[in-house]
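Each remark here refers to the structure printed beneath this line.
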There are 2 protein chains.
Amino acid sequence: MASTASRPSRVATLPPRERILDAAEELFHHEGIRRVGLQAIAERAGTTKMAIYRHFETKDALVAEWLRIVAADYQAAFDRVEAEHPGRPAEQILGLARFIAEGLPRLSHRGCPFINSLAELPDRSHPARQVIEQHKARQTRRLVGMCAQAGLPDPEQAAAEITFALEGAQVSTQNGSIDQVGDRLMRVVEGILDRHRSPSGASRSTTD
Amino acid sequence: MASTASRPSRVATLPPRERILDAAEELFHHEGIRRVGLQAIAERAGTTKMAIYRHFETKDALVAEWLRIVAADYQAAFDRVEAEHPGRPAEQILGLARFIAEGLPRLSHRGCPFINSLAELPDRSHPARQVIEQHKARQTRRLVGMCAQAGLPDPEQAAAEITFALEGAQVSTQNGSIDQVGDRLMRVVEGILDRHRSPSGASRSTTD
DNA sequence: CCCATGTGATACCGCTCGGTATCGTCCGAT
DNA sequence: ATCGGACGATACCGAGCGGTATCACATGGG
């Protein structure tokens, strides 16, 4: 279950590289990438700037590695959810939404690391951008697959709608109260599934 | 030098303050707040750093003013949409969604200025944060009002769902193709309205 | 035993940042 | 004609940044 949000930090038993990544995760998420200097990361990790450069080429590489880890965590969680409901794609999708919904408080009013990093890295050639895009692509592919397996007539549209909801919910974390966001998110996703399942008039055309 | 980047080089007829705000809008939106220095803004506005400080207390004040203008633009657009469908709240909501959907390409792969700024300003006491929060609160209040007027049984939930969709769609702008995002967004919002109108969609409880 | 390696500490470099001070100049109101 | 306020240009400041160089030490495998 990984170290919880309020990290005890500086467990000297951990090798420096892990401490650096832990510190980076904390600071990048709470303060933003550009606000955080390597000095601050080094101090939080109980080491020095030089140690960081012994393990990472540049700061950008550290950022990319951080996001790679976050992506892997999400990936693993999705694997778990998928395995919990084998052969039941609708349950998998809901489990996935529930995972996000339950994780919202842990974001502590700072939204999704990927979305935030996107805002801070307008450069599409930044190494971290590729990590994000690959992750999003994988996630979307997976979601589309689940929707297709669930027999939804338009799995791509359904997946896109669910993605909107998931990301919108994470953004909403950043202002106001989080209390109801999780429940609201679950209801949206349920609604999307219901609507895509039932042919109950696929809503009128928008062309107006 | 690079006086002309991609813009029709602000003509000198505009007063400096407007030129500065125009330049700030461009650069803040495309590069991010923290990546852009006052020097760059001054150059793009065809003036100097000193001129900026004659019109704005600090850089943070300039950022806040920029977001205030963006918020006013949105507000005005919402007024327009509302006036186009007097007494027809559902049409107003759809018109609102359409306004966002049609505006997506204009964001040119850089998402919503508010969401991006949120990511770059973790400090809740930052003057720009208050602008954002007030704007979001107003927008939500307005949307809830429309949903209530439309006779939806749970206007707050409906408004929250629509907000998820709107923000999620804007985030989705940042990676991949925009082509279908607008259409998808419209369909989600239509779906949300339909489901909230018809009792058939109450569906199961989320508690499990 | 000894040396290579990884580590912590410190000092430093060049650059850019937000912000300030100081000029000379232009222009419009009086 | 003049005078004051806004303007453009430039130089500067202290601070922080990413990144580099150097040195001392500790430790563990040959």
Side-chain angles (χ1 to χ4, degrees), chain A residues 9-24 26-28 30-67 117 120-123 125-129, chain B residues 1-5 9-28 30-67 117 120-123 125-129:
Chain A
S9 133
R10 211 168 319 133
V11 183
T13 59
L14 275 157
R17 188 169 196 277
E18 310 307 315
R19 281 181 290 156
I20 291 167
L21 282 169
D22 276 0
E26 262 288 306
L27 294 174
F28 284 157
H30 283 93
E31 308 280 340
I33 295 172
R34 293 188 58 84
R35 286 189 85 91
V36 172
L38 294 177
Q39 182 82 36
I41 295 176
E43 281 173 11
R44 195 178 212 306
T47 179
T48 64
K49 230 166 40 160
M50 269 313 298
I52 297 181
Y53 280 99
R54 286 204 194 91
H55 294 279
F56 304 92
E57 287 276 336
T58 66
K59 181 186 181 182
D60 289 343
L62 173 60
V63 173
E65 184 61 20
W66 162 57
L67 288 175
S117 298
E120 292 200 85
L121 306 173
D123 201 355
S125 66
H126 192 289
R129 285 285 298 233
Chain B
M1 290 290 251
S3 64
T4 63
S9 77
R10 315 268 159 222
V11 195
T13 59
L14 276 151
R17 190 170 195 274
E18 310 306 315
R19 279 182 292 157
I20 291 167
L21 282 169
D22 275 1
E25 176 181 357
E26 262 287 306
L27 294 174
F28 283 158
H30 283 94
E31 307 281 339
I33 295 173
R34 293 189 57 86
R35 282 189 87 89
V36 172
L38 294 178
Q39 182 82 33
I41 295 177
E43 281 173 12
R44 197 181 210 306
T47 179
T48 64
K49 230 166 42 162
M50 270 313 298
I52 296 181
Y53 279 100
R54 286 202 193 90
H55 293 279
F56 305 93
E57 288 275 336
T58 66
K59 181 186 182 182
D60 289 342
L62 173 60
V63 173
E65 184 62 19
W66 161 57
L67 289 175
S117 298
E120 292 199 85
L121 306 173
D123 201 354
S125 66
H126 192 288
R129 285 286 297 233

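Quick note on labels: first sequence line is chain A, next is B, and so on, each numbered from 1.
With hydrogens and angles ignored, the 3.5 Å screen pairs no side-chain donor or acceptor of A:R44 with any backbone N or O of A:A23.
D:dG19 atom C1' lies 14 Å from atom CD1 of A:I41, rounded to whole Å. A straight line from NE2 of A:H55 to P of D:dG19 spans 16 Å, rounded to a whole angstrom. Computed from coordinates, the A:E43 CD to C:dA9 C1' distance equals 12 Å when rounded to whole Å.
Every residue meeting the side-chain contact (heavy atoms from CB on, under 4.5 Å) condition with B:E120, not counting sequence neighbours, appears here in chain and number order: A:E120, B:I33, B:R34.
Screening residues 33-67 of chain B for ring pair (Phe, Tyr, Trp, His ring centres under 6.0 Å), with sequence neighbours left out, gives B:F28-B:W66. For residues 52-63 of chain A, the set of pairs meeting the salt bridge (charged side-chain N to carboxylate O under 4.0 Å, His left out) definition, not counting sequence neighbours, is empty.
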Per-nucleotide protein contact along nucleotides 12-27 of chain C, 5' to 3', at a 4.0 Å heavy-atom cut-off (B base, S sugar-phosphate only, - neither), is ------BBBB------
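Proximity of A:R19 to the phosphate of C:dT7: no side-chain N or O atom is located under 4.0 Å from OP1 or OP2.
The side-chain heavy atoms of A:T47 and A:I41, taken from C-beta on, include no pair separated by under 4.5 Å.
Using a 4.0 Å heavy-atom distance criterion, A:T47 is classed as a sugar-phosphate-only contact.
Smallest separation of non-hydrogen atoms from A:E31 and A:R35: O-CD, 3.0 Å.
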